[in-house]
J.: 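Pasting in a structure now, in structure tokens, and then I'll have a few things to ask.
A note on names: the letters A, B, ... follow the listed sequences, proteins ahead of strands, and every chain is numbered from 1. Just so we're clear, the structure is a prediction, and the values are computed from it rather than from any experiment.
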Protein chains: 2
Amino acid sequence: MSATTTDTVELGLQITDETCCVPASGDKVLQLTEAELLAARFKALSDPNRLRILSIVSSSEELETCVCDLSEPLGLKQPTVSHHLKILVDAGILHREKRGVWAYFSVVPGALESLASSLLPKN
Amino acid sequence: MSATTTDTVELGLQITDETCCVPASGDKVLQLTEAELLAARFKALSDPNRLRILSIVSSSEELETCVCDLSEPLGLKQPTVSHHLKILVDAGILHREKRGVWAYFSVVPGALESLASSLLPKN
DNA sequence: TCGAGACATCGACATTCGTCGATGTCTACT
DNA sequence: AGTAGACATCGACGAATGTCGATGTCTCGA
């Protein structure tokens, strides 16, 4: 509850002398919790090796890849690859499916598209 | 070079025993330097306060904002805001223009769109 | 039942990051 | 000239990140 008629802030600004510009148009601003959610997903994309993992996974024949195929082309050890995969899975970008001994990864349908649209105006 | 009629890898794989899946389809993989460039731009978006800065700047009246208007709604001190702005400018996402005492920031036209398209298939 | 292998998790380490007080630089006004 | 104010830069601090060896867990075949 904000109370006391502070519903909109749009005209509440009393410009006395020289405030340089408009005070951020009140509540159109991205909320902190929403920003944290978005930032977490972009953080998953903020590592070159994770982008290469996405590139490999999304371009593979069956749109599925297992860890053993990622370690070599990336030049990373297995624990590191697993670590990156976990981050991408936790971000909702990759899907993990365990079949027998191997774990297969695929891009979650629409995940990257939804992230991309959040960058565009009017999202 | 894969060479020797490996136009498609589908059947080129000589499964001797149990290789789990295809070996990452060779050179379709995102190059490391290119991945680093992309990752650096996503890293600029991987902080909630920077996303809120982008939200404020892109929704302001004149599509321009100065530092003094950002500090208060973000709840951050001025050096911190300047730091985030520098990161966004260095990433090529924001444009800085100094007019008199104030510095005005605006979103570089096409910057976010180009980043968004890099997320989509066939980019 | 046992061992090999694929993958996840843990612990450690160097590096990077976000934040802010202190200080520097530059512009405009008196 | 001198002062006030907006913004950048510096230095420091705790927290988070990327990497990997060591180890754990689970599945499959012998």
J.: Counting any heavy atom closer than 4.0 Å, what does A/I87 reach on the DNA or RNA strands: base, sugar-phosphate only, or nothing?
T.: sugar-phosphate

J.: Nearest heavy-atom pair of A/L51 and B/A35: which atoms, and what distance?
T.: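 The answer is CD1-O, 3.6 Å.
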
J.: On DNA chain D, compare the nucleotides closest to A/K43 and A/P79; which residue's is nearer the 5' end?
T.: A/K43

J.: Between the base of D/dA8 and the side chain of B/Q78, is one N or O donor paired with an acceptor at under 3.5 angstrom?
T.: yes

J.: Indicate, with a heavy-atom threshold strictly under 4.0 Å, whether B/L76 touches base, sugar-phosphate, or nothing.
T.: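 Sugar-phosphate contact only.
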
J.: Can a side chain N or O of A/H84 be found less than 4.0 Å away from OP1 or OP2 on D/dT19?
T.: yes

J.: Establish, from distance only, whether the side-chain atoms of A/R41 and A/S118 form a donor-acceptor pair under 3.5 Å.
T.: no

J.: Would you say a side-chain N or O of B/S82 is under 4.0 Å from OP1 or OP2 of D/dC7?
T.: no

J.: How many whole angstroms separate atom CZ of B/F42 from atom P of D/dT17?
T.: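 Rounded to whole Å, this separation is 18 Å.
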
J.: Rounding to a whole Å, what distance do you find between A/E72:CD and C/dA6:C1'?
T.: 16 Å

J.: How close or far is atom C1' of C/dT27 from atom OH of B/Y104, stated in whole angstroms?
T.: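 B/Y104 atom OH is separated from C/dT27 atom C1' by 13 Å.
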
J.: Whole-Å distance between C/dT16 C1' and B/E36 CD?
T.: 15 Å

J.: C/dG18 C1' sits how many Å from B/R50 CZ, rounded?
T.: 8 Å

J.: Give a yes/no verdict on a cation-pi contact between A/R99 and A/Y104, requiring under 6.0 Å between NZ or CZ and the six-membered ring centre and an angle within 45° of the axis.
T.: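 Output yes; distance and angle both within limits.
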
J.: To the nearest angstrom, how far is A/D90 atom CG from C/dT9 atom C1'?
T.: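 My rounded result for the distance is 13 Å.
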
J.: Want to settle it: does A/N49 or A/V101 sit nearer the 5' end of DNA chain D, counting the closest nucleotide to each?
T.: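 The residue closer to the strand's 5' end, by nearest nucleotide, is A/N49.
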
J.: Can you tell me how far P of D/dC7 sits from CD1 of B/I53, to the nearest Å?
T.: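 So the two atoms are 13 Å apart, to the nearest Å.
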
J.: Take atom CD of A/E72 as the centre, draw a 6.0 Å sphere, and report whether it contains more than 12 heavy atoms from other residues, nucleotides or ligands.
T.: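 Count not over threshold, so no.
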
J.: Can you measure A/L45 atom CG to D/dT17 atom C1' for me and round it to whole angstrom units?
T.: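 Taking atom C1' of D/dT17 as the reference, CG of A/L45 is at 16 Å.
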
J.: Of the options D/dC7, D/dT19, C/dA8, whose atoms approach the side-chain atoms of B/A103 most closely?
T.: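 Between D/dC7, D/dT19, C/dA8, the one nearest the side chain of B/A103 would be D/dC7.
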
J.: Of all the choices, D/dC7, C/dA8, C/dT19, which nucleotide is nearest to the side chain of A/R96 once you look at every atom?
T.: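 That would be C/dA8.
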
J.: Taking all heavy atoms of A/F105 and all of A/V57, pick out the closest pair and write down the distance.
T.: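 Answer, listing the atom of A/F105 first, then A/V57: O-CG1, 3.5 Å.
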
J.: Measuring from the side chain of A/K98 (C-beta onward, heavy atoms only), which nucleotide among D/dT19, D/dT9, C/dC7 has the closest atom?
T.: C/dC7

J.: Compare the minimum distances between each of C/dG18, D/dT9, D/dC20 and the side chain of A/T80, then state the nucleotide with the smallest one.
T.: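 Within the option list, the nearest is D/dC20.
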
